[in-house]
Student: 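The following block contains the structure, expressed as structure tokens.
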Amino acid sequence: MKKTAGIAAGLAIVTASLGAADAPVNWEKNCASCHGKDGKGETKAGRKADVKDLTNATYQASFTDEQMFKQIKEGMKDKNGKEKMKAFGGTLSDEEIKALVAFVRGLKK
């Protein structure tokens, strides 16, 4: 019984580590086209969607990790209900989204 619990705990740690390792890949694949590789949002799509500069410490201080997680998972809509950012809850696991949140926090200057 103890051996099984140890194996399960080990797998959870490995899975969490893999999610963190995948964050740069997931960023490049799912986020960089709007937010830019550097997070500044200086892309054609980013300017069109009025994407904010994620390297800006003041902007980053304006939202919590929980809010960011929810926006990544559920997407964002503007005041008129038009999709501003698509939801990634069907594409990324909760662990992958948590890793992206940590990745974005690392973009802060």
Side-chain angles (χ1 to χ4, degrees):
M1 194 71 141
K2 287 182 182 180
K3 187 174 183 178
T4 304
I7 292 170
L11 286 174
I13 291 168
V14 169
T15 302
S17 296
L18 288 175
D22 290 342
V25 173
N26 284 329
W27 175 265
E28 185 71 30
K29 181 178 175 186
N30 299 299
C31 312
S33 62
C34 292
H35 291 281
K37 290 181 182 184
D38 59 2
K40 291 185 180 216
E42 296 174 348
T43 66
K44 184 177 180 182
R47 285 187 293 277
K48 184 177 179 184
D50 193 29
V51 169
K52 305 298 182 217
D53 181 354
L54 293 172
T55 68
N56 182 295
T58 303
Y59 176 65
Q60 279 220 21
S62 73
F63 54 88
T64 66
D65 289 357
E66 292 78 19
Q67 289 169 319
M68 188 180 351
F69 179 92
K70 183 177 179 181
Q71 288 178 342
I72 295 168
K73 186 167 184 157
E74 298 176 9
M76 293 176 58
K77 295 186 190 278
D78 67 14
K79 296 175 194 173
N80 300 319
K82 183 180 177 202
E83 184 178 76
K84 191 169 179 173
M85 184 176 97
K86 76 177 204 167
F88 289 95
T91 306
L92 302 171
S93 70
D94 284 358
E95 289 305 315
E96 288 171 316
I97 294 171
K98 287 177 190 173
L100 269 176
V101 168
F103 180 85
V104 169
R105 291 299 187 194
L107 296 173
K108 180 174 56 177
K109 304 237 173 172

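In this text, all values refer to a predicted model and were calculated from it rather than measured experimentally.
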Student: Which value, rounded to the nearest 0.5 Å, describes the distance between K84 atom NZ and Q71 atom CD?
Tutor: 9.5 Å
Student: Is a side-chain donor or acceptor of R47 paired with a backbone partner of E42 at a separation under 3.5 angstrom?
Tutor: yes
Student: Considering non-hydrogen atoms only, spot the tightest contact between R105 and F63 and give its length.
Tutor: NH2-O, 2.8 Å
Student: With side-chain contact (heavy atoms from CB on, under 4.5 Å) as the test, pick out the partner of E96 among V25, N26, I72, V101.
Tutor: N26
Student: Any chance you could measure K108, atom NZ, to T58, atom OG1, to the nearest 0.5 Å?
Tutor: 10.0 Å
Student: Working to the nearest 0.5 angstrom, can you tell me the gap between M85 CE and K77 NZ?
Tutor: 11.5 Å
Student: Using the rule that two of Ile, Leu, Val, Met, Phe, Trp, Tyr join whenever any of their side-chain heavy atoms come within less than 4.5 Å, decide whether V51 and M76 are in one cluster.
Tutor: no
Student: So, for S33 and A45, which heavy atoms are closest and what is the spacing to 0.1 Å?
Tutor: O-CB, 3.8 Å
Student: Treating Ile, Leu, Val, Met, Phe, Trp and Tyr as nodes and any side-chain heavy-atom pair under 4.5 angstrom as an edge, say whether L92 and V104 lie in one connected cluster.
Tutor: yes
Student: Can you check whether K82's main-chain N or O pairs, donor with acceptor, with N80's side chain at less than 3.5 Å?
Tutor: no
Student: So, taking the atom named CZ in F103 and the one named CG in L54, what distance separates them when rounded to the nearest 0.5 Å?
Tutor: 10.0 Å
Student: When rounded to the nearest 0.5 angstrom, what distance separates NZ in K73 from NZ in K98?
Tutor: 9.0 Å
Student: Tell me whether Q60 contacts the main-chain N or O of T55 through its side chain, where contact means a donor paired with an acceptor under 3.5 Å.
Tutor: no
Student: Where is the tightest heavy-atom contact between Q67 and S62, given as atom of each residue plus distance?
Tutor: OE1-O, 4.2 Å
Student: One thing to verify: whether D50 and K52 come together as a salt bridge, which I'm taking to mean a side-chain N less than 4.0 angstrom from a carboxylate O.
Tutor: yes
Student: Where is the tightest heavy-atom contact between L107 and D38, given as atom of each residue plus distance?
Tutor: CD2-O, 3.9 Å
Student: Take D94 and F69 through the side-chain contact (heavy atoms from CB on, under 4.5 Å) test and state the conclusion after the steps.
Tutor: CA-CA 8 Å; D94 284 358; F69 179 92; 3.6 Å; yes
